[in-house]
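When reading the values below, keep in mind they use all heavy atoms of this one structure, side chains included, and skip hydrogens, waters and symmetry mates. A, B, ... follow the sequence lines: proteins, then strands. Residue 1 opens every chain.
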Amino acid sequence: MPELPEVQTVVNGIKSKIKNHKVLKLKKYINKLRYPIQKDLSSKVKDCKVITVFRRAKYIIINLSNNKSLIIHLGMSGRVIIVKNNKKIYKHTHICIFFDQNLVLQFIDPRRFGNIFVTETSLLKNNKFFRDLGVEPLSGQLNFKYLSNLVQSKKSPIKNIIMNQKYIVGVGNIYASEALFLSGINPSNIGNSITKSDCIKLVKAIKFVLREAIKLGGSSINDHTMISGKMGYFQNKLKVYGREGLKCRKRTCQSPIIRIVIAQRSTFYCVRCQK
DNA sequence: CACTCTCCCTGAAAGC
DNA sequence: TGCTTTCAGGGAGAGT
């Protein structure tokens with residue numbers, strides 16, 4: 001579930017709390033999330049210090065002092081919280097990482113679509129989960145030239161293209177619908193039919209919607225709560241996602257928002273504003 | 001190669 | 001009220 005803004009919010013939240021702290025031990029309460037969990041996960045992180053915490057695509061990367069990186073993907077329902085003294089272990093807490101000063105990182109994931117593993121930091125870019133990742137949408141790598149060149153040869157709907165992590169990372173089902181609304185593009189439009197001016201608008205819209213969501217601490221829905229345990233506020237700003245039947249928020253429009261399914265995913269848009 | 005479909009899992013919400 | 005069905009934000013791997 002969590003898309004780029006939610007993952008970035010988690011990173012921002014845990015970074016200052018665990019940076020320079022030492023891992024005392026790691027405990028797992030389950031052997032498999034989306035994939036089997038490495039048997040020696042604990043020994044790979046034990047006694048190491050956290051050097052940096054950052055995000056790549058929808059992955060949280062924790063670089064350690066032994067030249068290894070701990071990678072966490074939240075899947076659909078994953079959460080990470082940092083607690084003091086570990087008084088409460090939640091029903092779906094699958095991993096606890098114990099740091100010095102009684103700090104504990106809990107990885108909570110009801111649906112168990114998450115992923116956690118350790119790899120040599122130097123091997124990360126060649127790792128199978130990382131080697132095919134596309135450009136970071138908030139970097140200069142996502143620009144008009146990149147997008148227009150990308151869509152030119154594509155025969156799939158524009159929504160699929162911008163959600164495909166091979167091309168652009170971090171954009172998931174919510175922000176894809178939102179960015180397409182902001183740029184006035186129908187999500188079903190085929191890549192090679194997207195005009196130059198649409199590309200300019202779409203690049204701007206993707207960056208805008210992701211930045212706004214990060215500012216508001218990610219848009220959490222249902223069970224996804226922020227690092228502090230507080231929900232994000234961007235969900236109140238959603239223009240189309242989850243608003244089937246409600247009026248388009250563009251003042252001059254007011255048409256009902258439509259829900260369709262593209263590639264087995266709910267897609268929301270305004271028939272009048274998005275051509 | 002490009003693209004679509006299925007499936008992993010639990011729980012919330014809707015339907016009856 | 002309670003039981004059953006539907007649906008959920010990701011994405012790898014199989015299938016076309």
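Relative ring orientation between Phe129(A) and Tyr35(A) is described as tilted, the plane-to-plane angle lying within the 30° to 60° band.
Under the 4.5 Å side-chain criterion, counting only non-hydrogen atoms from C-beta, Glu6(A) is in contact with Tyr175(A).
Residue Arg265(A) places no side-chain atom within donor-acceptor reach of the base of dA8(C), judged by atom type and a 3.5 Å distance cut-off alone.
Distance noted for atom P between dT6(C) and dT6(B): 16 Å (whole Å).
As judged by a 4.0 angstrom heavy-atom cut-off over every strand, Asn160(A) is placed among residues touching the sugar-phosphate backbone only. Arg112(A) comes within 4.0 angstrom of sugar-phosphate atoms only, judged by non-hydrogen atoms across all strands, and of no base.
Proximity of Lys154(A) to the phosphate of dA2(B): no side-chain N or O atom is located under 4.0 Å from OP1 or OP2. For dG11(B), one of the phosphate oxygens OP1 or OP2 lies less than 4.0 angstrom from a side-chain nitrogen or oxygen of Lys91(A). OP1 or OP2 of dG11(C) sits under 4.0 Å from a side-chain N or O of His73(A). Ser77(A) has no side-chain polar atom (N or O) that falls below the 4.0 Å cut-off from OP1 or OP2 of dG9(C).
The distance between atom CZ of Phe129(A) and atom C1' of dA12(C), rounded to the nearest whole Å, is 8 Å.
Counted within 6.0 Å of NZ on Lys28(A), heavy atoms from surrounding residues, nucleotides or ligands total more than 12; the atom is thus considered enclosed.
A cation-pi geometry, defined here as NZ or CZ lying under 6.0 Å from the six-membered ring centre and within 45° of its normal, does not hold between Arg259(A) and Tyr269(A).
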| Once Watson-Crick and G-U wobble pairs under 3.5 Å are found, how is DNA chain B written in dot-bracket notation, 5' to 3', with | for any base paired to another strand? | .|||||||.|||||||
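For the pair Glu136(A) and Arg55(A), the salt-bridge criterion is met [side-chain N within less than 4.0 Å of a carboxylate O].
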